[in-house]
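Because the structure is predicted, anything quoted here is derived from the model rather than measured. Below, chain A is the first sequence line, B the second, and so on; all start at residue 1.
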2 protein chains.
Amino acid sequence: MKDNNAKYVLLGLLSHNPMTGYDIKKSVATRMSYFWDLSYGQIYPTLKDLEKNKLITKKVEQNEKGQNRKVYTITDAGTKELQEWLAKPARKEVHKYEFLLKLIFGDQADFELNLKHIEEFKARNQRILQTMKLFEENVKPILNQSEAHFYVLLTVLLGKSISKASVEWAEDALKLLREHSGGEVKT
Amino acid sequence: MKDNNAKYVLLGLLSHNPMTGYDIKKSVATRMSYFWDLSYGQIYPTLKDLEKNKLITKKVEQNEKGQNRKVYTITDAGTKELQEWLAKPARKEVHKYEFLLKLIFGDQADFELNLKHIEEFKARNQRILQTMKLFEENVKPILNQSEAHFYVLLTVLLGKSISKASVEWAEDALKLLREHSGGEVKT
DNA sequence: TCTGCTATATATCAAATTGATATATAATTT
DNA sequence: AAATTATATATCAATTTGATATATAGCAGA
């Protein structure tokens with residue numbers, strides 16, 4: 001079977017709770033919003049694939065009201081596969097900062113435009129920072145309830161640190177840019 | 001023609017200097033290493049496409065020794081297209097932290113494994129931090145030589161801030177993890 | 001000298017991913 | 001009553017990735 005990260009995200013999440021594809025999408029979009037993303041185009045085919053290979057099992061919940069929910073549960077083989085993957089070294093981080101792509105060509109644009117890109121980046125990171133602080137507050141009181149919470153906290157703390165550093169950079173960059181553009185050169 | 005970021009990376013780089021596809025690959029891999037990546041599979045087809053649409057022009061350098069170099073130069077239409085793109089708001093940042101994917105399922109692994117993932121992340125970021133410091137030192141003395149250098153500096157400063165924050169997080173996380181695993185619970 | 005390694009340079013392609021869209025129903029808001 | 005949001009599954013064209021193929025030059029070391 002194909003060996004992509006999506007496979008292990010699903011196994012990992014299902015190792016905590018049985019879930020539907022829709023649940024998984026939501027889970028990734030909240031818990032992992034800072035550092036990962038999965039589309040339905042990855043989730044549903046991968047669920048099929050995992051089931052075919054007996055790493056998870058499907059149970060169709062007959063629901064009178066609404067769509068039938070297909071709830072997936074991890075198997076022992078699935079748990080083993082997950083643990084083997086966890087033992088392998090991680091690949092290096094991948095980043096895409098589209099705004100830096102625009103900023104690095106800032107000499108081709110005018111001052112206000114460059115300011116705007118930085119300000120929008122700052123605003124995005126302020127929102128993320130707030131979210132991370134909220135997550136932190138929510139997880140800290142329930143740390144003792146489950147071993148898994150501790151690891152969620154670690155990931156949240158990285159998101160918090162980086163978004164904070166990003167906001168601080170933005171403030172410095174705005175200052176530097178204003179000096180660079182506005183400041184007359186003194187004798 | 002297709003409208004992807006690769007197109008604008010090429011136009012942006014060619015707005016500074018005429019280059020070959022190979023030069024572009026190297027340029028992205030150094031200047032932009034922190035925040036963007038382009039494969040040959042994007043570069044060569046996009047160069048063809050840009051030339052067909054007269055946003056760049058090709059000049060084949062007849063080289064007795066070695067392969068012929070195809071040097072591309074941006075046109076006025078290309079410059080205009082670049083500037084229009086620069087004026088549009090940037091999309092939000094995309095991150096992939098594979099090690100966090102492993103760490104967030106840390107309850108399924110053992111202590112040493114989780115430590116190892118954090119340590120490797122720390123090492124990666126220490127290397128990046130050093131590179132960014134080097135870039136900073138190299139660019140600062142030549143800031144007055146070209147307007148473009150100032151914008152490169154801004155991007156380098158963000159890479160520096162974030163890799164520094166990442167190293168610091170790693171140190172805190174290692175401490176927290178050791179406490180979490182090793183510390184006996186007191187009355 | 002020749003062997004292997006690195007650098008220059010262009011090019012392609014299978015496999016994976018993205019982002020959008022389609023379908024259907026329930027619940028909630030206006 | 002209509003519109004919007006939420007739940008839930010599914011597909012697919014377009015794009016991106018990562019690897020590989022091809023060819024030549026230059027250099028280090030055995």
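In terms of phosphate contacts, B:Asn4 brings a side-chain nitrogen or oxygen within less than 4.0 Å of OP1 or OP2 of D:dT16. For D:dG18, one of the phosphate oxygens OP1 or OP2 lies less than 4.0 angstrom from a side-chain nitrogen or oxygen of A:Arg91. For C:dA11, neither phosphate oxygen OP1 nor OP2 lies less than 4.0 angstrom from any side-chain nitrogen or oxygen of B:Tyr40. Taking side-chain N and O atoms only, B:Tyr22 has a distance below 4.0 Å to OP1 or OP2 of C:dT8. Checking the phosphate oxygens (OP1, OP2) of D:dT17, a side-chain nitrogen or oxygen of B:Gln42 falls inside 4.0 Å.
Ion pair B:Lys96/A:Asp37 not flagged as a salt bridge, since none of the NZ, NE, NH1 or NH2 atoms sits closer than 4.0 Å to an Asp/Glu carboxylate oxygen. Looking at B:Lys122 and B:Glu171, a side-chain N of the basic residue comes within less than 4.0 Å of a carboxylate O on the acidic one, giving a salt bridge. The pair A:Lys7-A:Glu81 meets the salt-bridge criterion, since a charged nitrogen lies less than 4.0 angstrom from a carboxylate oxygen. Looking at A:Arg178 and A:Glu112, no side-chain N of the basic residue comes within less than 4.0 Å of a carboxylate O on the acidic one, giving no salt bridge.
Look at OH on B:Tyr44: it is 17 Å from P on D:dT22, rounded to the nearest Å. Distance, B:Asp49 CG to D:dA14 P: 14 Å, rounded to whole Å. B:Ile43 places its CD1 atom 13 Å from the C1' atom of D:dT16, with the value rounded to the nearest Å. Atom-to-atom, CG of A:Leu10 to P of C:dT17 comes out at 11 Å; the value is rounded to the nearest Å. Separating the CG atom of B:Asn5 from the P atom of D:dT15 is a distance of 12 Å, rounded to the nearest angstrom. If you measure from atom CD1 of A:Ile24 to atom P of D:dT7, you get 15 Å, rounded to the nearest angstrom. Atom CD of B:Glu98 is separated from atom C1' of C:dA16 by 14 Å (rounded to the nearest Å). Atoms CG (B:Leu38) and P (D:dT16) sit 9 Å apart, rounded to a whole Å.
Contact annotation for A:Gly21: backbone-only contact, meaning every heavy-atom pair under 4.0 Å involves sugar-phosphate atoms and none involves a base. Residue A:Thr20 is classed as a sugar-phosphate contact, given heavy-atom separations below 4.0 Å to backbone atoms only. As judged by a 4.0 angstrom heavy-atom cut-off over every strand, A:Lys7 is placed among residues making no nucleic acid contact. At a threshold of 4.0 angstrom between heavy atoms, the contacts of B:Lys96 are confined to the sugar-phosphate backbone, with no base atom among them. Looking at heavy-atom distances under 4.0 Å, B:Lys70 makes contact with sugar-phosphate atoms alone, never a base. Among the heavy atoms of the strands, none lies under 4.0 Å from A:Lys25.
Under the 4.5 Å side-chain heavy-atom criterion for Ile, Leu, Val, Met, Phe, Trp and Tyr, B:Leu154 and A:Phe111 are members of the same hydrophobic cluster. Linking ILVMFWY side-chain heavy atoms closer than 4.5 Å, directly or via other members, places A:Leu176 and B:Ile142 in two distinct hydrophobic clusters.
Nucleotides of DNA chain C nearest to B:Val94 and B:Lys48 differ in position, and the one nearer the 5' end is that of B:Lys48. Projected onto DNA chain C by closest heavy-atom contact, B:Gly41 and B:Lys26 fall at different nucleotides, the more 5' of which corresponds to B:Lys26.
Not counting sequence neighbours, the partners of A:Pro89 by the side-chain contact (heavy atoms from CB on, under 4.5 Å) test are B:Glu120. For B:Tyr44, the side-chain contact (heavy atoms from CB on, under 4.5 Å) partners at least two apart in sequence or on another chain are B:Tyr22, B:Tyr40, B:Leu47.
An angle of 30°, rounded to 10°, separates the two end axes of the helix from C:dT1-D:dA30 to C:dT30-D:dA1, each defined over five pairs.
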